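Residue numbers start from 1 in every chain, and the chains themselves are labelled A, B, ... in the order their sequence lines are given, proteins ahead of strands. No experiment lies behind these values; they were computed from the predicted model shown.
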Amino acid sequence: MTTEASYGAALTPGADAIERLLADLNPPQRKAVEHGGGPLLVIAGAGSGKTRVLTRRVAYLVATGLAKPSEILAITFTNKAADEMRSRVEELVGGVSRLMWVMTFHSACARILRANAERLGYKRSFTIYDESDSLRMIKRCMADADVDPKRFTPRSVRAQISAAKNQLIDATDFRERQGSFYEEKVADVYELYERRMVAASAMDFDDLLVRTVNLMELFEDVRERYRRQFRWILVDEYQDTNHAQYRLLQLLAGEERNITVVGDDAQSIYSFRSADVRNILEFERDFAGAEVIKLEQNYRSTGTILDAANALIAHNPEQKPKRLWTDAGRGEPLTIAELDDEHAEARYVAGEIERLISDEGYAREEVAVFYRMNAQSRVLEDTLVRYEVPYQVIGGTKFYDRAEIKDAIAYLSLLVNPADAMSFARVVNSPRRGIGQQTQARILSHANTTGEDVWDVMSRPEQVPGLGTAAVKAVSRFAETMAGLRERAEDGSVARILEAVLHETGYIEALEAERTLEAEGRIENLQELVGVAEEFDANRAVEGDQDQTPLEEFLARISLYTDQDTLREDESLITLMTLHNAKGLEFEVVFMIGCEEGLFPHSRSVEEGNLDEERRLCYVGITRARKRLYMTCARRRMIHGAGGWSVPSRFLGEIPSELVDHHDATTRTGWRSARDEVLGGMRSGGGIQPPPRKQPRAPEVAFQVGDDVVHATFGEGVVTGVEPDNVIVVRFRGGQGERKLMADYAPLKKVS
DNA sequence: TAATATTACCTTTTT
DNA sequence: GGTAATATTA
């Protein structure tokens with residue numbers, strides 16, 4: 001712990017510098033930055049300058065001497081957010097930012113575990129399995145535990161295990177809690193999976209968190225060491241933390257509890273990954289004496305866009321009350337466009353983008369298109385190519401997900417971690433070496449029964465029961481090749497090792513022999529990977545880690561890297577991404593496509609009762625837009641082959657009609673009745689009366705002028721007008737003026 | 001064992 | 001529309 005002296009000495013230097021850090025902040029932002037020690041919760045609405053507050057606060061802590069740079073742990077959820085925070089902090093405090101830990105939960109955990117893995121029975125050079133690796137491992141475990149993959153899909157089993165881990169329920173606890181036959185079986189797989197993962201010295205993404213918690217709980221010395229190191233903790237997007245992450249923060253916060261968390265419950269969109277909004281809602285209880293600061297002034301969007309967002313989110317019953325406001329002016333109305341099908345939708349979007357760029361002077365990099373599912377990008381991409389609109393897609397099929405890249409990385413993993421059974425299985429017969437499933441299964445089960453590393457087993461194949469002479473010979477050859485490569489893997493250039501692997505294992509040769517366009521593409525991808533390795537080598541020459549070999553460091557880095565991080569801002573491209581990926585970003589112009597029931601909100605979310613979360617996702621999308629927002633829906637859409645009729649998303653109807661320009665480009669009638677029903681008061685007259693249908697929320701009571709009402713978000717008010725289509729006008733207390741609400745949908749109650 | 005053909009099943013969102 | 005597991009055959 002630091003002495004009193006360093007606190008005192010701190011306040012003298014650079015009073016100017018400190019004032020400059022605070023100068024352009026609004027009062028609540030300033031208050032958050034200047035908060036001293038102890039827990040702090042910042043409820044930061046969309047676009048309210050939360051990153052600015054976080055980075056300034058880090059700089060402030062350093063500038064005032066309250067914190068040494070090395071005592072700061074700043075946590076984000078994505079690498080991209082971490083990179084941005086790091087560079088913004090660096091601008092403020094300079095090179096000392098190097099000493100801080102500014103990274104994702106997962107990278108921080110991986111780094112802690114690298115230094116301590118042996119205490120938990122893992123090798124220091126443990127391998128990190130991504131989702132597909134872990135799914136393969138699950139499948140293998142299911143086969144070995146005699147669990148029928150037809151009755152229990154591997155994905156659902158993994159999902160259950162993952163959910164359990166994120167709640168820190170280990171295999172033993174899991175078994176104790178479960179009753180049904182199904183859950184018993186999952187418990188069998190869970191136990192086996194945990195054993196196999198340790199045997200392979202491998203961790204999945206959940207393990208990174210769970211094992212770090214285990215480490216801190218089991219070893220007081222480790223816990224104390226990191227508590228002393230991270231005296232100041234800051235967490236971004238706190239609403240997305242799960243229980244394991246919450247526990248980790250609790251363990252790290254220590255007695256001083258210098259923990260700052262920033263988040264927005266209205267932007268919690270990761271409950272499917274076990275994120276628990278309660279973490280943010282109950283922060284004040286968990287960290288008693290916490291100061292709470294709300295940031296409600298929005299610096300990003302027009303008043304119209306904010307009104308739309310506020311009106312939409314008001315349909316969610318439970319949230320921390322907050323009202324986003326701006327003094328930026330009204331701006332232009334939103335556009336809701338209805339098209340015939342996804343092709344017409346794509347043409348509309350492409351045409352509008354062209355128009356916005358050529359007539360209204362927007363730059364391509366200021367435009368983004370968001371969708372619910374990655375699969376939706378395809379049609380749009382085809383159209384953009386035809387319209388010659390340059391674009392980039394964030395997420396989706398990833399470079400590191402390609403088979404050849406995974407193969408190459410699996411080879412390297414096996415060199416570094418000789419216990420890595422999944423990498424072995426991936427690589428041993430690729431390219432074909434005459435080592436088929438039978439042989440592989442025998443080697444793996446021999447490794448499992450003897451407890452040896454796969455590497456050692458394959459090095460002495462004659463000891464494996466049941467192997468024929470041909471198999472023994474093939475395996476020996478492979479083992480020799482690998483042994484030769486391993487000697488050289490100890491040090492030196494990663495790029496060189498990778499090239500040696502690709503050539504000496506015959507991998508490239510096999511691709512060349514294919515003489516297909518596809519194989520050529522694969523070779524190009526591998527060359528790109530070599531390029532990545534070269535870049536890594538060059539950077540490492542400047543700042544290397546002594547504890548790890550270059551190859552180990554490379555693999556550790558790459559396993560937590562996704563191409564999320566490849567978002568480019570400087571090039572003139574429009575950006576395509578899922579709504580989930582859009583969180584934390586902002587664009588002048590935003591298109592949200594596929595706003596149809598079943599797609600958005602997704603039918604599965606509706607079935608599982610996660611409608612509120614879908615609505616928050618919509619809220620996130622809307623609040624990304626600075627100036628212009630388009631929402632589109634198609635009346636017909638192909639979903640995996642078969643086409644179907646669609647109904648506009650209920651979210652469109654939740655946006656007050658006076659904020660919207662409605663653009664109808666559909667060509668036939670018949671569908672309109674369904675649409676009019678959802679869009680409600682948006683247009684009047686005409687059309688056939690829609691068949692009666694269940695309302696999302698039953699109409700409560702008829703409201704009359706003069707009724708006192710209370711609204712989930714806006715608070716108390718009085719009804720000042722009643723309009724057709726169940727629209728009522730309410731004047732809320734607290735100088736917010738009047739709002740039009742749809743009585744059937746708004747979370748509004750009469751008070752007597 | 002490997003290569004090909006056929007079928008089933010899919011799809012939410014991601015560190 | 002696409003992948004991945006399975007059946008079939010050389």
Whole-Å gap separating [atom2] ([N]) and [atom1] ([X]):
X        : N      : atom1 : atom2 : result
A/Glu131 : B/dT15 : CD    : C1'   : 8 Å
A/Lys139 : C/dT6  : NZ    : P     : 9 Å
A/Gln440 : B/dT1  : CD    : C1'   : 11 Å
A/Asp236 : B/dT15 : CG    : P     : 15 Å
A/Arg616 : B/dT13 : CZ    : P     : 18 Å
A/Leu380 : C/dG1  : CG    : P     : 17 Å
A/Asp276 : B/dT15 : CG    : C1'   : 17 Å
A/Gln437 : B/dA3  : CD    : P     : 13 Å

Handout entry: Face-to-face stacking of A/Phe272 with B/dT13, centres under 5.5 angstrom, angle under 30°
Key =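 Ring-base stacking flag set for A/Phe272 and B/dT13.
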Would you mind telling me which of [options] lies closest to the side-chain atoms of [X]?
X        : options                : answer
A/Asn374 : B/dT1, C/dG2, B/dT14   : B/dT14
A/His106 : B/dT11, B/dT14, B/dT15 : B/dT15
A/Thr78  : B/dT13, B/dT11, B/dT15 : B/dT15
A/His580 : B/dT11, C/dG1, B/dT14  : B/dT14
A/Arg432 : B/dT15, B/dT1, B/dA3   : B/dA3

Exercise for the section: Answer yes or no: does a side-chain N or O of A/Asn429 lie under 4.0 Å from OP1 or OP2 of B/dA2? Expected result: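 Affirmative; the distance criterion is met.
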Exercise for the section: Would you tell me if any nitrogen or oxygen in the side chain of A/Arg155 comes within less than 4.0 Å of OP1 or OP2 on B/dT11? Expected result: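 Result: yes.
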Problem - A/Phe126 six-ring centre to A/Arg114 NZ/CZ under 6.0 Å and within 45° of normal - result: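 Yes, A/Arg114 sits over the ring of A/Phe126.
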Handout entry: Flag, side chain of A/Arg637 to backbone of A/Glu342, donor-acceptor distance under 3.5 Å
Key =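 No, A/Arg637 side chain to A/Glu342 backbone: no donor-acceptor pair under 3.5 Å.
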Practice task
For the pair A/Ser125 (side chain) and A/Val416 (backbone), establish whether a donor and an acceptor sit closer than 3.5 Å, ignoring hydrogens and angles.
Solution key: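 Such a contact is found between A/Ser125 side chain and A/Val416 backbone.
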Practice task
Under 4.0 Å between any heavy atoms, over every strand shown, what does A/Tyr270 touch: base, sugar-phosphate, or nothing? Just pick one.
Solution key: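 Sugar-phosphate contact only.
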Problem - A/Arg426/A/Asp407 salt bridge by N-O under 4.0 Å criterion - result: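 Yes, charged N to carboxylate O under 4.0 Å.
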Handout entry: Plane angle bin for A/Phe591 and A/Tyr630 - parallel if under 30°, tilted between 30 and 60°, otherwise perpendicular
Key =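 Taking A/Phe591 first and then A/Tyr630, their aromatic rings lie parallel (interplane angle under 30°).
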